[in-house]
Number of protein chains: 2
Amino acid sequence: MSNLKQLAQSLGLSITTVSRALDGYSDVSAKTKARVLEAAAKTGYQPNVAARRLRRQRAELVAVTLPTAPGHIGPPHFLDILSACAEHLALSGLNLVIAPVPRGQSELEMCQRFVDGQRVDAMLLVRTKRNDERVELLQSRGIPFVTLGRTESAKPHAFLDGDGFAGFRDATLRFIADGHIHIGHVAGPQAFSFAHHRRMGWEAALGQTGLSSALLAEGDPTEQGGYAAAKTLMSGSVKPTAILCATDEMAVGTLRALREIASGNTVSIIGHDDLPMSAFTDPPLSTMRVTGDDIGVRIASLLLRAIDGEAPEALQEIHPVEFLPRASHRRSQRLAANDAGVQADE
Amino acid sequence: MSNLKQLAQSLGLSITTVSRALDGYSDVSAKTKARVLEAAAKTGYQPNVAARRLRRQRAELVAVTLPTAPGHIGPPHFLDILSACAEHLALSGLNLVIAPVPRGQSELEMCQRFVDGQRVDAMLLVRTKRNDERVELLQSRGIPFVTLGRTESAKPHAFLDGDGFAGFRDATLRFIADGHIHIGHVAGPQAFSFAHHRRMGWEAALGQTGLSSALLAEGDPTEQGGYAAAKTLMSGSVKPTAILCATDEMAVGTLRALREIASGNTVSIIGHDDLPMSAFTDPPLSTMRVTGDDIGVRIASLLLRAIDGEAPEALQEIHPVEFLPRASHRRSQRLAANDAGVQADE
DNA sequence: GTTGACTTCCAAAACGTTTCGGAAAACTAT
DNA sequence: ATAGTTTTCCGAAACGTTTTGGAAGTCAAC
């Protein structure tokens, strides 16, 4: 409500001086500066952001569009990341806004409105696809942006990603070391970058050890999708004794599918994401997570550097994935130990 | 990049006329209007939102601050609601932004910046407390707002709420009808409006049937909180045979706690929220949900009416809660039927 | 007491839009 | 032809801030 003019009038100063005092310029005496600051604090003056943005030609805003699949919004852990990111951006005076995409609208249109209306200084893209039209749009507009997850774009862009390939490869090798021969994969939609990399990791491990990668089923990255995929996986003639799930949510669905199947409870499972609920499933879900508890902060810093004009090539981070052993990755082992005397090594 | 002035110049028209043509005023001829619209579409003109906001004195924005408890952000189902809400608001040209609250900052400060900086036309408050300082702030500023969940504020305000009281009362009566005597409650922090109402419903049912309401344990509204609360509940001298959990997440924690306890698997459980994962627990979680699959749309409509200046008293909705029976609410029953020949009536 | 340097302040322009109050042109009715 | 009405357009002001380019005032040095 209160604006600069009123504040200036009440102090007997010009608008200019008050503005410069608040912004900490050096050409205003310490005394008046103190006077201005005090008055501003007392009246609770807050600059009108529309006016400031108009003049500064900066939105002071970073947006992330949140894809909302029908009945199922993106993974909960996005929000933890975004929250940390917002926190860090705020230190530089930037606000992070999360814009849910209305059903009628495409994520692309959403991005378009953001960048062409000059509403944002930068964008963050999540749920990145291998060929993502949003990336092309943003590149053509020259807007700074960072994606959570690599793409196969020819032109380099800033991104942060977990090394899902290595994570799933190593997890598969772990299963192999445990004596598994039939190792299945409940995969996410391959258009998604993360889903593809995870699947390729699984395939790579099988390939390098000469095992079959036939036990593959794809589904939506939800509990329901995991449930359905696991069902088809377990209905084939050769059944997996271990399953890698692309996400924890799919793993939860897989667990339920196995519960409904005779001897399903001997199948070992590993997920990915380390959702809060994963520690509470039955059995507790062995899973993976991207290392570093500051992913959100890293993203924020990438965004800031992108806004500062740093080259995209310099703004690419791939973080290792760590394995979190709980109970679900050793289910057949326990039985195998009973049946055949195989010894656990951990 | 392109602005009204350029567009007008290229058409040989005045800024005024172009502006009015785009806004669909009647005092511009059909022919020029078509010409303007075409040119705007071709150049991809998007009005500069900062300028428009400054002039219109409207932010075209509704904000919701998302509380992010350390390590655990608000319930996932908020997002489904918010997404539907955003969708509906978009129809009226309003954008919904979700602002995560940085750790260093209080939700109140966040609200303050939003309203005093004239960044928003209205606010949506979630995770409402019984005595919520955000409500007071917004009331004092005269900003339209809607809360998700009632408060005990003396001055009426717009809200939408589920009838948690009736839901938990009825669920408790259901347990009583099933023959339970010792019915526990894993409660959420009582400062939260929803947690309090649910607890009062549980107490009311016990009170009206003369049963004890001693089996109460409170915890954070998370899996971990439910786990801890259930543990203390089951460690008393008299143990519950049925437990109502304030949220599904707490129910998931409770399930795990029971799993670790001898004969814990005979304890019946009911949760609330109908999270996607609830259908996939073991046993599948019986739960409750606020009726109507358009809560988000209802909220949006309340917000629009609040912005239009309708009186808060007219903007209060309490929606009934429906019970979703799955397996977890009849665990002891099955055993009891074996043990004592009690017959299930459903 | 004039010069130059420094400090402290300010008027005015600009950002891109919307909107008020007309003005010119084109009809209509007399 | 003239007055009145309607249609179609536009100039200029405003929204609240930041920033440019000085203008006064002060002080020290000669």
Side-chain angles (χ1 to χ4, degrees), chain A residues 1-37 39-40 43-61 93-95 113-121, chain B residues 1-37 39-40 43-61 93-95 113-121:
Chain A
M1 196 82 313
S2 76
N3 55 15
L4 226 38
K5 197 197 288 190
Q6 293 171 16
L7 197 56
Q9 228 150 28
S10 80
L11 286 165
L13 289 170
S14 77
I15 295 182
T16 307
T17 304
V18 175
S19 171
R20 295 180 76 85
L22 290 173
D23 278 4
Y25 279 70
S26 63
D27 68 348
V28 33
S29 76
K31 196 167 55 180
T32 50
K33 181 165 166 180
R35 220 155 55 89
V36 169
L37 254 40
T43 62
Y45 167 77
Q46 289 278 80
N48 179 305
V49 359
R52 172 206 292 252
R53 285 175 189 168
L54 177 58
R55 171 64 222 212
R56 281 221 186 128
Q57 296 292 82
R58 294 186 41 202
E60 297 171 348
L61 227 56
L94 287 173
N95 267 85
R113 284 205 315 143
F114 270 124
V115 305
D116 289 341
Q118 301 168 54
R119 297 162 190 261
V120 295
D121 298 319
Chain B
M1 195 81 315
S2 78
N3 56 12
L4 224 38
K5 197 196 288 187
Q6 292 171 18
L7 197 56
Q9 229 150 24
S10 80
L11 287 166
L13 289 169
S14 77
I15 295 183
T16 307
T17 304
V18 175
S19 172
R20 294 180 79 83
L22 291 173
D23 277 5
Y25 278 70
S26 64
D27 69 348
V28 34
S29 76
K31 196 167 56 177
T32 48
K33 183 164 163 181
R35 222 155 54 89
V36 169
L37 254 40
T43 62
Y45 168 77
Q46 288 280 78
N48 179 304
V49 3
R52 171 205 292 252
R53 284 177 189 165
L54 176 58
R55 171 63 223 216
R56 282 223 185 124
Q57 296 293 81
R58 294 185 42 202
E60 296 169 349
L61 229 56
L94 287 172
N95 267 86
R113 283 204 316 144
F114 271 123
V115 306
D116 289 341
Q118 298 167 58
R119 296 164 192 260
V120 293
D121 299 318

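Chain A is the first sequence line, chain B the second, and so forth, proteins listed ahead of strands; every chain is numbered from 1.
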Could you list the protein-to-nucleotides 4-6 of chain C atom pairs, N/O on both sides, closer than 3.5 Å?
none

Grab the two heavy atoms, one from B/L22 and one from B/Y45, that are nearest each other, plus how far apart they are.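 That would be CD1-CE2, 3.6 Å.
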Dump the intermediate steps for side chain to side chain contact (heavy atoms under 4.5 Å, CB included) on A/K33 and A/V36, then the final yes or no. CA-CA 5 Å; A/K33 181 165 166 180; A/V36 169; 5.8 Å; no
Of the residues in residues 13-23 of chain B, which ones touch DNA chain C at a heavy-atom distance under 4.0 Å?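 Those residues whose heavy atoms fall under 4.0 Å from DNA chain C, taken from residues 13-23 of chain B in numerical order, are B/I15, B/T16, B/S19, B/R20, B/D23.
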Separation of atom [atom1] in [X] from atom [atom2] in [N], rounded to whole Å:
X	N	atom1	atom2	result
A/Q46	D/dT17	CD	P	11 Å
B/L4	C/dT19	CG	C1'	13 Å
A/L11	C/dC10	CG	P	10 Å
A/Q9	C/dC10	CD	P	12 Å
B/R52	D/dT17	CZ	C1'	20 Å
B/R35	D/dT8	CZ	P	14 Å

Side chain to side chain donor-acceptor pair (under 3.5 Å) involving [X] - partner list, sequence neighbours excluded:
X	answer
A/T17	A/S14
A/S10	none
B/T32	B/S29

Axial bend angle, the helix from C/dG1-D/dC30 to C/dT30-D/dA1: five-pair end segments, nearest 10°: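 End-to-end axis angle for the helix from C/dG1-D/dC30 to C/dT30-D/dA1: 60°, rounded to 10°.
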Under 4.5 Å between any side-chain heavy atoms of A/L94 and A/L61, yes or no?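 Sidechains of A/L61 and A/L94: no contact.
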B/N95 CG to A/R119 CZ distance, which is reported to the nearest 0.5 Å: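 Between atom CG of B/N95 and atom CZ of A/R119 there are 5.5 Å.
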Out of curiosity, B/L13 CG to B/S19 OG, how far, rounded to the nearest 0.5 Å?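 That separation rounds to 12.0 Å.
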Sequence neighbours excluded and cut-off under 3.5 Å, please list the side-chain donor-acceptor pairs for residues 51-59 of chain A, or say none.
| residue | atom | partner | partner atom | Å |
| --- | --- | --- | --- | --- |
| A/R53 | NE | A/A59 | O | 2.9 |
| A/R56 | NH1 | A/E60 | OE2 | 3.1 |

Give me the residues of residues 24-32 of chain A where at least one heavy atom lies under 4.0 Å from an atom of DNA chain D, by number, or none.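 Those residues whose heavy atoms fall under 4.0 Å from DNA chain D, taken from residues 24-32 of chain A in numerical order, are A/Y25.
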Anything under 3.5 Å between a protein N or O and an N or O of nucleotides 13-15 of chain D, put it in a table, one pair a line.
| residue | atom | partner | partner atom | Å |
| --- | --- | --- | --- | --- |
| D/dA14 | N3 | B/R55 | NH1 | 2.9 |
| D/dC15 | O2 | B/R55 | N | 3.4 |

Restricting to side chain to side chain contact (heavy atoms under 4.5 Å, CB included), what partner residues turn up for B/R20, sequence neighbours left out?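 Applying side chain to side chain contact (heavy atoms under 4.5 Å, CB included) to B/R20 gives B/T16, B/Y25, B/D27.
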Results of side chain to side chain contact (heavy atoms under 4.5 Å, CB included) for B/I15 - residues two or more places apart only: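 Here the qualifying residues are B/L4, B/K5, B/A8.
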